Student: 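Below is a structure I'd like to ask you about.
These values consider heavy atoms only, across backbone and side chains, with no hydrogens, waters or symmetry-generated copies. Note that the structure is a prediction, hence the values are computed from the model and not measured. The sequence lines fix the lettering, A, B, ..., with proteins before strands; numbering per chain opens at 1.
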Amino acid sequence: MIERFAERLADWQKRHGRHDLPWQQRGPYETWISEIMLQQTQVQVVIPYFNRFVASFPSEEVLAAAPIDDVLAHWAGLGYYSRARNLHRAAQVIMQEHQGSLPNDLEALIALPGIGRSTAGAIVSLGFGARGVIQDGNVRRVLSRVFCISGDLSKSIAQNQLWDLADTLTPDGGAESKVHAQAMMDLGSLICRRSKPKCEACPVADDCQALQRNAIAKFPERKQVKQRQDELWVMLQLVNANEETLFIKRPSPGIWGGLYSPPIGLSLNQLAADLLGNEQIETEYAGAINHTFSHFRVRIEHYVASVNAADVRVGEWCRTERFQKGVPAPIQHILSREEIK
DNA sequence: TACGCGTGGGA
DNA sequence: TTCCCAAGCGT
């Protein structure tokens, strides 16, 4: 193994790494919340969500006792809403089985919903200051370059190599492990970036096999994303005599599971039939948006109809600007924008 | 193992 | 515009 890799990395981290992120210098609870929010989500996007979330839910106990609608309202716009549902369930498990505070051992953490191997390692090292191994996108990119790991890094063959390397490089001491975990992520984020890496400023450039081969751009390999067929959805905004809109809780699991929106379906006629029986209603086209999900694209056409609230038996009525529960980002955008046509 | 699961940033 | 992908996990 490489001589003094962790030592040089730690020295760099203390001078040039990130030390002022809002979840640093806090406790295991804040580390946990931040790690869940940061899954597949960029740091700058997470920061305002994190601050609002921990202000409203400052402990496992408060989070566990909160209504799921409140938790999801704080998550609205952040995406991957199963993270919030799992977070809430995990808080309740913590109250019932772990005396109200996050467990500090790896296996107990992984047993909680929403916490996998990498998040558990991050909580152990960053949250508890004990030895823990992490494996996120930054670490994968650094390791794939330093050791020239080729192929799709999400495949098990590469995963085994990466976890072995990450474990080997992690120092034994708890305090050193914590610095190391932060250092690997900071190196990947600030120096060993996806594009235009700053190799001249890298503390472990001498150890980097990809750099020595002048092949930085070849690692990690791009993985191909298969495109799914585009979809067309229609959203029917029913408005009553009080100018209130009908919101329905979306099923989970599923897209936007647990969030609220006006009824969405594949056909206007089907939606109207489901909501109002066979009554004829007059709808007005109010525009459309295109939205890209992680795995497909959709065009959402927006229709508005005035109805008698007594004719609808599901959902809840509220003026759009006063609705306090979680609404998906593109739906919020449709409902809050100036209607052009 | 492969897919489902959001949103926004950056090239 | 289009694409990749960012502190991944659950099934």
Student: Base, sugar-phosphate, or nothing: which does Gly188(A) touch, judged by heavy atoms less than 4.0 Å apart?
Tutor: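 The residue Gly188(A) makes no contact with any strand.
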Student: Can you give me the first and the last nucleotide of DNA chain B (5' to 3') that has an atom within less than 4.0 angstrom of a non-hydrogen atom in chain A?
Tutor: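 Listing 5' to 3', DNA chain B meets chain A from dT1(B) to dA11(B).
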Student: Apply the ring-ring contact (aromatic ring centres under 6.0 Å, His included) test between Trp256(A) and each candidate in Trp75(A), Tyr80(A), Phe293(A); give the one that qualifies.
Tutor: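 Exactly one candidate clears the test, Phe293(A).
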Student: Think Arg85(A) forms a cation-pi with Tyr81(A), using NZ or CZ under 6.0 Å from the six-ring centre and within 45 degrees of its axis?
Tutor: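 No, a cation-pi geometry is absent between Arg85(A) and Tyr81(A).
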Student: Taking atom P in both dC4(C) and dC3(B), compute the distance separating them and give it to the nearest angstrom.
Tutor: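 Between the two P atoms, the distance is 15 Å.
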Student: Would you mind telling me which residue lines up with the more 5' stretch of DNA chain B, Tyr49(A) or Lys196(A), judged by nearest nucleotide?
Tutor: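 Per heavy-atom nearest nucleotide, the more 5' residue is Tyr49(A).
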Student: Indicate for each nucleotide in nucleotides 1-11 of chain C, in 5' to 3' sequence, whether protein heavy atoms under 4.0 Å reach the base (B), only the sugar-phosphate (S), or nothing (-).
Tutor: ---BSBBBSS-
Student: Taking only residues at least two apart or on different chains, which pairs with a member in residues 243-252 of chain A satisfy salt bridge (charged side-chain N to carboxylate O under 4.0 Å, His left out)?
Tutor: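 Of all non-adjacent pairs touching residues 243-252 of chain A, those that pass salt bridge (charged side-chain N to carboxylate O under 4.0 Å, His left out) are Asp69(A)-Lys249(A), Glu243(A)-Arg319(A).
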Student: What does Ile134(A) touch in the nucleic acid at a heavy-atom separation under 4.0 angstrom: a base, only the sugar-phosphate, or nothing?
Tutor: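 No contact at all - Ile134(A) keeps every heavy atom at 4.0 Å or more from the nucleic acid.
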Student: What's the gap between dC9(C) and dG8(B) when it is taken at their P atoms, as a whole Å value?
Tutor: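 To the nearest whole Å, 23 Å.
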Student: With P as the reference atom in both, quote the distance from dA7(C) to dG4(B) in angstrom, rounded to an integer.
Tutor: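 About 24 Å, rounded to a whole number of Å.
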Student: Could you state the interatomic distance from CZ (Arg117(A)) to CD (Glu107(A)), rounded to the nearest 0.5 Å?
Tutor: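 Going from CZ on Arg117(A) over to CD on Glu107(A), the span is 9.5 Å.
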Student: Restricting to pairs with a member in residues 125-141 of chain A, which pass salt bridge (charged side-chain N to carboxylate O under 4.0 Å, His left out), not counting sequence neighbours?
Tutor: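 Pairs touching residues 125-141 of chain A that pass the test: Arg131(A)-Asp167(A), Arg131(A)-Asp172(A).
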Student: ring-ring contact (aromatic ring centres under 6.0 Å, His included): which pairs involve residues 207-232 of chain A, sequence neighbours left out?
Tutor: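 Every pair satisfying ring-ring contact (aromatic ring centres under 6.0 Å, His included) with a residue in residues 207-232 of chain A: there are none.
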Student: Provide the full list of salt bridge (charged side-chain N to carboxylate O under 4.0 Å, His left out) pairs with a residue in residues 308-318 of chain A, sequence neighbours left out, each pair given once.
Tutor: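 Every salt bridge (charged side-chain N to carboxylate O under 4.0 Å, His left out) pair that includes a residue of residues 308-318 of chain A, provided the two are not neighbours, is Glu316(A)-Lys325(A).
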Student: Between Ile248(A) and Leu275(A), is there a side-chain heavy-atom distance shorter than 4.5 Å?
Tutor: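 Yes, side chains in contact.
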Student: Considering only atom C1', compute the distance from dT1(B) to dG10(C) and round it to an integer number of Å.
Tutor: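 Per the computed distance, 13 Å lies between those C1' atoms.
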